[in-house]
Amino acid sequence: MTRNLAKVVVYDLLFGKGVQCGGRLKAVVIAHRTRLRAELARMKVKKNVSSNKDLVTSLGGPSAGSAMPRYVRVNTLKTSTNEIITYFKRQDYTYLGKARRIEELSELGQKKGKKFLQDLHVPDLLAFPPDTDFHKDALYLAGHLILQDKASCLPALLLSPPVGSFVIDACAAPGNKTSHIAAILQNKGRVFAFDLDTKRVSTMSTLLLRAGVTCQELANQDFLTVRLDDPKYQKVSHILVDPSCSGSGMPDLMRVHTDASSGPEQEKRLQALSGFQCRAVSHALSFPSVQRVVYSTCSIHQQENEDVVMKSLEQNPDFRLVNALPSWPLRGLNTFPESSYCLRASLSDTFTNGFFIAVFERKSNQNESSTQTTVEKNCHSAAQTKDDLKVSQAGDERQNGPVVVDSGNCIKKKTRKRKKKRKTELQ
């Protein structure tokens with residue numbers, strides 16, 4: 001049993017729904033069940049707390065005053081935000097209107113009871129008190145509601161592909177962002193969704209089916225192996241890259257322990273993740289027709305965030321950063337010029353999971369400059385050709401009619417008057 005696997009299995013035993021694995025692995029953990037539970041109890045006594053939730057707080061996790069709201073994204077492929085608001089009103093929920101400042105989300109996080117409001121940044125997102133449970137709600141089971149953290153909704157929102165676009169979701173499973181992209185596209189166009197894990201692709205297929213997505217094309221494939229010259233992807237204009245990361249922005253008990261540790265092992269892991277993330281972003285930026293790429297992680301580490309963006313910009317000079325969502329309160333770390341164009345999210349500042357987002361866009365003046373240079377060359381060449389032809393043009397005209405040099409309107413055609421004159425001469 002590896003260290004990380006042991007953490008997962010022990011988490012399932014102490015905090016989850018029981019050990020899900022089987023065989024020798026399960027037998028080993030069950031054999032030590034009494035001791036593990038005793039150690040958990042001893043830890044609570046040491047920290048002078050009585051519940052697992054209080055234990056998280058005592059170890060540096062989220063405090064009771066910073067509880068995160070329960071976010072619900074309205075699936076516009078099946079319904080509308082107004083219809084869902086009406087639905088909850090009929091269920092005796094109090095609608096508090098659309099939030100006008102982000103602090104209202106914090107205030108909602110401290111409240112209990114049946115009340116909700118509409119988010120101020122994501123139009124189709126509703127926020128409820130933290131203890132609200134929708135897993136048995138009829139609209140959730142039917143795919144009209146999607147339980148998705150607010151920060152996780154931002155990548156598709158900022159990618160903002162026009163209806164009918166061809167889009168790639170590079171590391172798509174479990175599929176919430178894919179379904180969000182499909183909703184923005186109104187199921188028109190195409191979403192190519194990649195993931196290397198077979199089981200996760202199967203889970204994503206089920207989720208997308210329930211969400212009413214029909215424009216998807218799933219591939220159990222590593223995005224880095226996708227050929228740039230494949231005809232299937234020549235029209236792809238928007239790409240979302242949300243690759244594997246440390247997950248350090250997710251506020252749960254096990255990661256409090258994991259990310260508190262530092263040293264060579266942690267640094268080596270972050271370097272490996274950062275290298276993979278850089279390759280994924282650069283590969284996305286290399287697609288021939290791509291215009292916009294959104295990079296996101298649920299990590300708080302600079303190595304996976306600002307450092308990846310800076311290296312990607314250095315390796316891909318045809319792209320620039322977009323100043324994404326200027327009203328967002330938490331920006332990227334000041335590690336390179338325009339790093340403030342990136343977004344960060346945290347429980348304490350934005351009342352979401354920890355997150356990072358950067359938006360790359362192809363420089364439009366690159367194409368304009370290239371086009372202008374081509375036109376200038378044509379004009380220069382045409383002008384030179386005109387000078388070279390001046391001497392022989394008169395003779396050629398007598399034999400073959402007027403000479404016209406097609407050079408992008410740099411040299412005009414002969415006038416009708418001259419044509420008529422030539423016609424008279426021929427007669």
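Note that the structure is a prediction, hence the values are computed from the model and not measured. Below, each value reflects all heavy atoms present in this structure, side chains not excepted, and no hydrogens, waters or symmetry copies.
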The single option from Phe88, Phe128, Phe116 passing ring pair (Phe, Tyr, Trp, His ring centres under 6.0 Å) against Tyr95: Phe116
So does [Y] get a backbone contact from the side chain of [X], meaning a donor-acceptor N/O pair under 3.5 Å?
| X | Y | value |
| --- | --- | --- |
| Ser340 | Gly332 | no |
| Asp119 | Val122 | yes |
| His283 | Val226 | yes |
| Arg190 | Gln216 | yes |
| Trp328 | Arg344 | yes |
| Arg100 | Leu120 | no |
| Asp195 | Cys171 | no |

If we count only N and O atoms by modelled type, under 3.5 Å, do the side chains of [X] and [Y] hold a donor and an acceptor together?
| X | Y | answer |
| --- | --- | --- |
| Asp124 | Thr76 | no |
| Ser339 | Glu306 | no |
| Gln148 | Asn176 | no |
| Arg210 | Asn75 | no |
| Ser299 | Thr297 | no |

Any chance the rings of Phe166 and Tyr233 have centres within less than 6.0 Å? no
Do the two ring centres, one from Tyr93 and one from Tyr87, sit under 6.0 Å apart?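 Distance test on ring centres: not under 6.0 Å, no.
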Minimum side-chain heavy-atom gap Phe223-Phe192 below 4.5 Å: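 Of all side-chain heavy-atom pairs linking Phe192 with Phe223, none is under 4.5 Å.
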Let me see the working for Asp242 and Ser296 under side chain to side chain donor-acceptor pair (under 3.5 Å), right down to the final yes or no. CA-CA 5 Å; Asp242 186 64; Ser296 63; 2.6 Å; yes
Can you measure from OG (Ser179) to CG (Leu209) and round to the nearest 0.5 angstrom?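 Rounded to the nearest 0.5 Å, the OG-CG separation comes out at 12.5 Å.
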What do the steps show when you test Glu83 against Lys78 for salt bridge (Lys or Arg N to Asp or Glu O under 4.0 Å), and what is the final call? CA-CA 10 Å; Glu83 288 176 341; Lys78 289 194 167 186; over 6 Å; no
Side-chain donor-acceptor contacts of residues 272-281 below 3.5 Å, not counting sequence neighbours, with atom names and distances?
from: Ser274; atom 1: OG; to: Gln303; atom 2: O; distance (Å): 3.0
from: Gln277; atom 1: OE1; to: Tyr295; atom 2: OH; distance (Å): 3.4
from: Gln277; atom 1: NE2; to: Ser244; atom 2: O; distance (Å): 3.0
from: Gln277; atom 1: NE2; to: Glu304; atom 2: OE2; distance (Å): 3.0
from: Arg279; atom 1: NH1; to: Gly275; atom 2: O; distance (Å): 3.4

